[in-house]
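Inspection log for the structure reproduced underneath, given as structure tokens.
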Amino acid sequence: MYNSKRKIRLTLALCAVLCAWLITGCNNGTAGGDETLPVTSATEETALQNEKVEETPAQTEAPEETVLQTETTEVTTLPMKTTVETDLPSDTTPESVLEPETENETTSQGATETVGEEDTPPADTSASTEEPVVTEPPHEHLWSEWTVETAPTCTRDGVEKRSCACGESEKRRVAAAHVYVEGICEACGERKPSEGLEFLSNGDGTCKVIGLGQCTDAEIVIPAVSPWGDKVTRIGDYAFQEQDHLTGVVIPEGVTIIGNDAFALCTGLARVSIAGSVTSIDRRAFFDCGSLTDITFTGTMAQWATVEKQEFWDAFVRTDVIHCADGDAPRA
């Protein structure tokens, strides 16, 4: 813009100079030419001054044109923005623009939910119309009394059995044991052990009999095992001393020692059975048992001969022989 104006002004100035030059030439032709140079010089000078005057405002107006250009650029930019914004209706807001998307999303979600509902099989309503299933309570057996299927013996376990009306049955083991009739086993003839005797444990699984305790038997059968499971290995010293009511004593297998005065002064004692396991009879074990006439040793005669017999073990005993398993042996 500025250059175009300047060109026009320069063109006008040149035209003015040319015109002035033509006029001056004509004047020189008519009047004879001495004053032509001053006139021509004045005209050119005037034109140059006018050009300078015109150039000066042009230079001062340049910032305004620059400002106008900037404003024009801004104005030009604004319509672009407006063009973008005017693509939408005047009453449209960002929220309204987003609403269709929300509806689309809702629609897609609804579609998804619809698909899920279609995949889910319909509820079976027939169950509600069916009658409830009645479950019977578990069967409780009504067992009969235990009956002996195999009777136990002294060395063999027995079996007992019971049954139910439904047909089921069960069995249980009966430990081997002696079957006593009037204190004597029907199978082996062993006498029933006395109960209530007093024992003293050695702490190593063995024990010794130390007294009658609560036992009231006249014929004592010392058990091979104490009530708590210790093996009886000894008749303690003075265990049955002066028990006049005793009439018989059975010393079981496993006992090895008959202690001092164990049966001394038992004046009513008539029968004694000594186990073949006994290896020592201590002093006065049967001292002054004046009624003792029957002594039995369950071992052999040879075993009896090896038994250690201390002094006066049999003082005032009224028998001279010992009945062994293989015959009679002398008492001494």
Side-chain angles (χ1 to χ4, degrees), residues 145-162 171-199 207-236 239-256 258 262-278 281 285-286 289-300 304 317-319 321-328:
E145 296 294 329
W146 290 103
T147 57
V148 178
E149 188 175 71
T150 303
T153 65
C154 304
T155 58
R156 187 184 63 189
D157 292 342
V159 178
E160 290 183 339
K161 179 181 179 180
R162 66 178 181 178
K171 298 180 180 181
R172 69 178 181 182
R173 182 181 65 86
V174 181
H178 298 284
V179 179
Y180 298 104
V181 177
E182 294 182 357
I184 298 175
C185 179
E186 291 180 331
C188 63
E190 183 177 317
R191 300 179 65 89
K192 182 180 180 180
S194 298
E195 297 178 354
L197 296 175
E198 189 173 0
F199 299 87
C207 65
K208 60 184 177 180
V209 182
I210 60 173
L212 278 173
Q214 298 179 356
C215 182
T216 58
D217 295 345
E219 293 192 7
I220 296 176
V221 178
I222 300 173
V225 180
S226 70
W228 53 85
D230 286 346
K231 293 181 179 180
V232 179
T233 58
R234 182 178 180 131
I235 309 299
F240 302 98
Q241 186 180 18
E242 296 182 359
Q243 298 294 331
D244 294 340
H245 72 284
L246 294 181
T247 59
V249 174
V250 177
I251 300 173
E253 288 291 330
V255 174
T256 58
I258 302 174
F263 299 95
L265 303 174
C266 290
T267 57
L269 188 60
R271 295 177 298 279
V272 174
S273 176
I274 302 174
S277 59
V278 172
I281 303 175
F286 294 95
C289 293
S291 302
L292 186 54
T293 59
D294 186 2
I295 299 176
T296 301
F297 181 71
T298 60
T300 63
W304 175 254
V317 171
R318 296 178 60 183
T319 181
V321 298
I322 305 298
H323 304 291
C324 298
D326 56 350
D328 293 340

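Please read all numbers here as calculations on a predicted model, not as lab measurements.
Listed by chain and number, the residues in a ring-ring contact (aromatic ring centres under 6.0 Å, His included) with Phe240 are Phe263 (sequence neighbours excluded). Listed by chain and number, the residues in a ring-ring contact (aromatic ring centres under 6.0 Å, His included) with Phe199 amount to none (sequence neighbours excluded). Take Gln243 and apply the side chain to side chain donor-acceptor pair (under 3.5 Å) test, not counting sequence neighbours, and it matches no residue. Taking the side chain to side chain donor-acceptor pair (under 3.5 Å) definition, one finds that His323 meets it with Asp328, sequence neighbours left out.
Remark: Glu195 CD is loosely packed, at most 12 non-hydrogen atoms of other residues, nucleotides or ligands lying under 6.0 Å away. No more than 12 heavy-atom neighbours from other residues, nucleotides or ligands sit within 6.0 angstrom of CZ on Arg156.
Donor-acceptor pairing under 3.5 Å is lacking for the side chains of Glu160 and Thr147.
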Set out, in order, the CA-CA distance, both residues' side-chain angles and the distance that settles side-chain contact (heavy atoms from CB on, under 4.5 Å) for Val317 and Ile295, then state yes or no. CA-CA 10 Å; Val317 171; Ile295 299 176; 4.1 Å; yes
Mind running side-chain contact (heavy atoms from CB on, under 4.5 Å) on Asp294 and Leu292 for me, showing each step along the way? CA-CA 6 Å; Asp294 186 2; Leu292 186 54; 5.7 Å; no
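Taking every heavy atom of both residues into account, Trp146 and Arg162 meet most closely at CZ2-NE, 3.3 Å. Closest approach of Ala176 to Cys154, counting heavy atoms only: CB-O, 3.9 Å. When every heavy atom of Ala175 is checked against every heavy atom of Pro152, the shortest pair comes out as O-CB, 3.8 Å. In plain terms, the two heavy atoms of Val209 and Ala239 that are nearest each other are O-CB, 3.8 Å. The two residues Arg173 and Asp157 make their nearest non-hydrogen contact at NH1-OD2, 2.9 Å. Across all non-hydrogen atoms, the minimal contact from Ala275 to Phe297 is O-CE1, 3.3 Å.
Side-chain atoms of Lys192 and Cys185, non-hydrogen and from C-beta on, never get closer than 4.5 Å to each other.
Between Gln241 atom CD and Cys266 atom SG the span is 8.0 Å, to the nearest 0.5 Å. Note that the OG1 atom of Thr233 and the NZ atom of Lys208 stand 9.0 Å from one another [nearest 0.5 Å]. If you take CD1 on Ile281 and CD1 on Ile258, they are separated by 4.5 Å, rounding to the nearest 0.5 Å.
One finds a salt bridge joining Glu149 and Lys171 here, because a Lys/Arg side-chain nitrogen approaches an Asp/Glu carboxylate oxygen to under 4.0 Å.
The list of salt bridge (Lys or Arg N to Asp or Glu O under 4.0 Å) pairs with a residue in residues 239-252, not counting sequence neighbours, is empty.
Panel note: side chain Ser277, backbone Gly254; a donor-acceptor pair is recorded below 3.5 Å. For Ser291 (side chain) and Leu269 (main-chain N/O), no donor-acceptor pair under 3.5 Å exists by modelled atom type.
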Would you be so kind as to tabulate the donor-acceptor pairs closer than 3.5 Å made by side chains of residues 211-223, with sequence neighbours excluded?
{"unit_1": "Asp217", "atom_1": "OD2", "unit_2": "Ser194", "atom_2": "OG", "d": "3.0"}
{"unit_1": "Glu219", "atom_1": "OE1", "unit_2": "Arg191", "atom_2": "NH2", "d": "2.8"}
{"unit_1": "Glu219", "atom_1": "OE2", "unit_2": "Arg271", "atom_2": "NH2", "d": "2.4"}

